[in-house]
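Here's the structure, in structure tokens; my notes come after.
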2 protein chains.
Amino acid sequence: MSKRNAILASATRLFSRNGFQGTGMAELSTITGAATGTIFHHFKNKEDLFLQVLNDVKESILDQFDRHQQTRRDQKGIERVEGVIAFYLNLAGSMEDQFLILHRHYPYQMAKTNPVCRSHLESIYTCLLDIFEEGIQKGIQDGSVAVEAPRQTAMVLFAMVDGIVRLNTYRVYDAGTLYDSLMVACRRLLKGGR
Amino acid sequence: MSKRNAILASATRLFSRNGFQGTGMAELSTITGAATGTIFHHFKNKEDLFLQVLNDVKESILDQFDRHQQTRRDQKGIERVEGVIAFYLNLAGSMEDQFLILHRHYPYQMAKTNPVCRSHLESIYTCLLDIFEEGIQKGIQDGSVAVEAPRQTAMVLFAMVDGIVRLNTYRVYDAGTLYDSLMVACRRLLKGGR
DNA sequence: TAACCAACCGAATGATCGGTCGGTTTTTTT
DNA sequence: AAAAAAACCGACCGATCATTCGGTTGGTTA
């Protein structure tokens, strides 16, 4: 692996575990075996490095979901939504570091002043919400979903799923057993009262 | 106001806005007008200061919810839950700094090694989940709520509400218009399929 | 082979960090 | 009023921070 990629990989892990301010270039240098000079040869500063990491996070997450969207196109709307949720929960487990970066506060703080950062975050959330909404829309058409406002419902649904992932990450409570309850809640929410 | 309280108040604001590592004692000294020596006279170090802040956050949030629980005891279960959600959303707006600290990552990281920190966080989440669950239990008894697992449902409900608050804080999307959708989702979720 | 260039190195830099300490002022106690 | 205690001050400390810079290396091009 090239030094540049090694730096990016380790930076992803450090940023996710220790945050932006908690990650030191000296530490990164030790772990990767690259001199500090080398790091700054490839990335113009710490913020630039973080943006590259965020860009990779964006691309890998979007890539995963795009690939998932290609499968099982024959399912009913409600089944697609349930499939997306299951995929989301699974991905949050297998791409822990990437999701942890998104669950930290720093990116959103940086997004206030840095348009590149903001753009990455918007791309990710737009993609995720679109996927949820698409399933809902399809469900409305085939009768498997009964809601009035698809976009808002997609947001509420996303907030719920992502909230569960967070509860699980924080480990204040064991939320690992909540997946079934989450699915039940999803079905009730979409099939609607009455 | 005493210097100690001024330090605590400013520390709450700084920790919530800039995080633990992003908050400097020199900055805190400038803002409060207290010399750095004074800060360390009242708090033995930065971590201790943070724990005091977190303790205040815990006490004020628990106090607010305890007070809210004393009101409208005649309501049906479903109405109580809806009232709690409305109160939660309202509180997240009026106690922005306190909620922001809870939505940051640092406290949960610190909780892994610091039992005092962990205890504060557990108190808060236990209280909140108990309140949600209590409403659900009452609803099951009076027939206004139909779910099978009250505790798990309380967690899912909490994840949903807190997720909406986060979406609103991050401001990647305007979630301010989601409160109605959230209430609809809550009702569907509790009144059940069929 | 000479010139070039990107990758790489690590010592050095100034700024900033959390934290200390000896001393002064203010408040409380007696 | 005297003494004790608590609050407060700010210069100072060593460590660590992100970043710089002059120089070396190894492969590619002219």
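Numbers restart at 1 for each chain; the letters A, B, ... are given by sequence-line order, proteins then strands. Because only heavy atoms are used, hydrogens play no part in the values below, and waters and symmetry mates are left out as well, while side chains stay in.
- The Asn45(A) side chain lies nearest to dT19(D) when the options are dC8(D), dA7(C), dT19(D).
- For the pair Met25(A)/Ile39(A), a side-chain contact is recorded, criterion being any heavy-atom separation below 4.5 Å from C-beta on.
- Of the residues in residues 15-35 of chain A, Thr23(A), Gly24(A), Met25(A) come within less than 4.0 Å of DNA chain D through at least one heavy atom, sorted by number.
- Residue whose closest nucleotide on DNA chain D sits further toward the 5' end, between Lys3(B) and Lys44(A): Lys3(B).
- Spacing between atom CD1 of Ile39(A) and atom P of dC21(D) amounts to 17 Å, rounded to whole angstrom units.
- To the nearest angstrom, P of dC5(C) lies 13 Å from NE2 of His41(A).
- The aromatic rings of Tyr108(A) and Tyr125(A) sit tilted, their planes meeting at an angle between 30° and 60°.
- Out of dA7(C), dC8(D), dA18(D), the shortest distance to the side chain of Lys46(A) is found at dA18(D).
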Each nucleotide N or O in nucleotides 21-26 of chain C that has a protein N or O under 3.5 Å away: list the pair and distance.
none

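- Glu148(A) CD: 12 or fewer foreign heavy atoms inside a 6.0 Å radius.
- Remark: the backbone N or O of Val147(A) is not paired with any side-chain donor or acceptor of Lys191(A) at under 3.5 angstrom.
- Taken to the nearest 0.5 Å, the CE atom of Met95(B) stands 10.0 Å off from the OG1 atom of Thr12(B).
- Between Asp162(A) and Arg166(A) there is a salt bridge, with a side-chain nitrogen of the basic residue lying less than 4.0 Å from a carboxylate oxygen of the acidic one.
- Here the side chains of Asn45(B) and Asp48(B) are in contact, with some heavy-atom distance below 4.5 Å.
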When you look at Asp97(A) and Phe15(A), which way does the side chain to side chain contact (heavy atoms under 4.5 Å, CB included) test go after all the steps?
CA-CA 8 Å; Asp97(A) 289 343; Phe15(A) 281 141; over 6 Å; no
